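Basis for what follows: all heavy atoms, side chains included, without hydrogens, waters or symmetry-related copies. The shown structure was predicted, so the numbers you read here are calculated from the model rather than taken from an experiment.
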Amino acid sequence: MRYDLVIFDNDGVLVDSEPISNHLLAAYLTELGHPTTYEESVRDFMGSAMHRVHEIVEERTGRTLPADFDATFHQRVFEAFQRELEPVTGAPDVLKRLVAAGVPYCVASSGSHERIRVGHRKTGLDAWFREEIVFSAEDVGRGKPAPDLFLYAAERMGVPPGRCVVVEDSALGVQAAVAAGMDVYGFTAMTPRERLTGVTGCFEHMDELLGTLGM
């Protein structure tokens, strides 16, 4: 293994949440008078923290989203997670193999700590993630595409950025990893390779990841 730490994005990499959350986000924005398709939501917001949704809507329309936007959206997402959420196929096996090999890992997500925990409990991935290896954009001042979250995770885990590898599925997440000075492998289940500018490499199925990383 040529890395000392594997940093996983969460949504779309560990839990198969992106289709759920982007359908709901597009519908909610449309409901509020900001017509948005599912494809546009994936293109513009996938991998970002909630503040980016507010910033883009205000930049484009000059209008602000309601004060309770985040709370209402998260309530809808959590209810949908309880009905529908599953782990990404192959993710539990990857984590099992990392533990068996003694390779440190963590998760660094644009989602809130609550969102991460709700998703992990529903999918059983909470068994693989102690609280001290879960990092959220809530922990830093700026979310992806800024490098802050990945740098924070590396610092907390005690590993230099150059010895970390990030597993990402969004263009914003790849930008953040590159800016942090980390290698990054793009998971292309939802995002075409050509949109993941700067990746070290790509893989299409989770069971290909460890071979890609040299395990």
Side-chain angles (χ1 to χ4, degrees), residues 1-19 21 42 46-49 86-111 115-116 119-120 123 125-130 133-137 139 143-157 159-215:
M1 183 69 175
R2 59 185 183 272
Y3 302 104
D4 296 333
L5 176 67
V6 181
I7 304 178
F8 290 97
D9 176 43
N10 188 57
D11 293 291
V13 171
L14 296 173
V15 296
D16 195 15
S17 54
E18 292 291 8
S21 58
V42 169
M46 181 172 155
S48 68
E86 299 289 342
V88 167
T89 301
D93 186 58
V94 166
L95 297 169
K96 181 178 180 180
R97 290 173 61 188
L98 288 174
V99 169
V103 177
Y105 63 89
C106 65
V107 61
S109 172
S110 292
R115 176 178 172 133
I116 297 167
H120 283 189
T123 59
L125 294 183
D126 55 335
W128 304 101
F129 287 96
R130 309 179 311 277
I133 63 170
V134 175
F135 306 105
S136 160
D139 300 326
K144 305 168 188 177
D148 304 37
L149 176 56
F150 289 137
L151 292 172
Y152 175 76
E155 180 182 9
R156 290 290 302 273
M157 297 294 290
V159 178
R163 297 297 302 163
C164 299
V165 62
V166 175
V167 184
E168 264 289 353
D169 71 329
S170 74
L172 294 175
V174 169
Q175 290 175 44
V178 171
M182 301 176 182
D183 282 359
V184 53
Y185 285 84
F187 183 35
T188 59
M190 282 191 62
T191 306
R193 183 186 183 115
E194 56 268 23
R195 289 200 61 217
L196 301 177
T197 304
V199 289
T200 309
C202 286
F203 64 102
E204 186 176 0
H205 303 287
M206 192 56 67
D207 59 9
E208 301 168 353
L209 173 61
L210 296 186
T212 301
L213 297 183
M215 287 186 65

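- The nearest pair of heavy atoms linking S110 to G47 is OG-O, 2.7 Å.
- Formation of a donor-acceptor pair under 3.5 Å by the S136 side chain with backbone atoms of G111 is found in this model.
- Under the 4.0 Å criterion applied to side-chain N and carboxylate O atoms, D11 and R115 are assigned as salt-bridge partners.
- The shortest heavy-atom contact between V134 and D139 is O-OD2, 4.3 Å.
- Applying the ring-ring contact (aromatic ring centres under 6.0 Å, His included) criterion to F150, with sequence neighbours excluded, gives no partner residue.
- At a threshold of 4.5 Å between non-hydrogen side-chain atoms, the residues F135 and C106 count as touching.
- Checked against ring-ring contact (aromatic ring centres under 6.0 Å, His included), F129 has the following partners two or more places apart in sequence or in another chain: Y105, H120.
- The heavy-atom pair separating A153 from A108 by the smallest distance is CB-CB, 4.3 Å.
- Every ring-ring contact (aromatic ring centres under 6.0 Å, His included) that F187 has, sequence neighbours left out, goes to F203.
- Side-chain contact between V88 and L14 is absent, with no heavy-atom pair separated by less than 4.5 Å.
- Proximity of V15 to N10: side-chain heavy atoms (C-beta onward) are separated by under 4.5 Å at one or more points.
- Nearest approach of T188 to E204, heavy atoms of both residues: OG1-CA, 3.5 Å.
- Within the 4.5 Å cutoff, the side chain of L98 has heavy atoms near those of the M215 side chain.
- Closest of all the heavy-atom pairs between C202 and R193 is CB-NH1, 3.2 Å.
- Take E18 and apply the side chain to side chain donor-acceptor pair (under 3.5 Å) test, not counting sequence neighbours, and it matches N22.
- Contact between P161 and L151 at its shortest, heavy atoms only, is CG-CD2, 3.8 Å.
- Residues satisfying the side chain to side chain donor-acceptor pair (under 3.5 Å) test with D183, not counting sequence neighbours, are Y3.
- Looking only at side-chain heavy atoms (C-beta outward), P92 and P87 come within less than 4.5 Å of each other.
- The shortest side-chain heavy-atom distance between I133 and M157 falls under the 4.5 Å cut-off.
- In this structure, R2 contributes its side chain and L213 its backbone to a donor-acceptor pair below 3.5 Å.
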List the atom pairs, with distances to 0.1 Å, where a side-chain N or O of residues 164-180 and a protein N or O form a donor-acceptor pair under 3.5 Å, not counting sequence neighbours.
from : atom 1 : to   : atom 2 : distance (Å)
E168 : OE1    : S170 : N      : 3.4
E168 : OE1    : S170 : OG     : 3.4
E168 : OE2    : K144 : NZ     : 2.7
S170 : OG     : G173 : N      : 3.0

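- Between M206 and T89 the shortest side-chain heavy-atom distance does not fall below 4.5 Å.
- In this structure, the side chains of P104 and V159 stay at 4.5 Å or more apart for every pair of heavy atoms.
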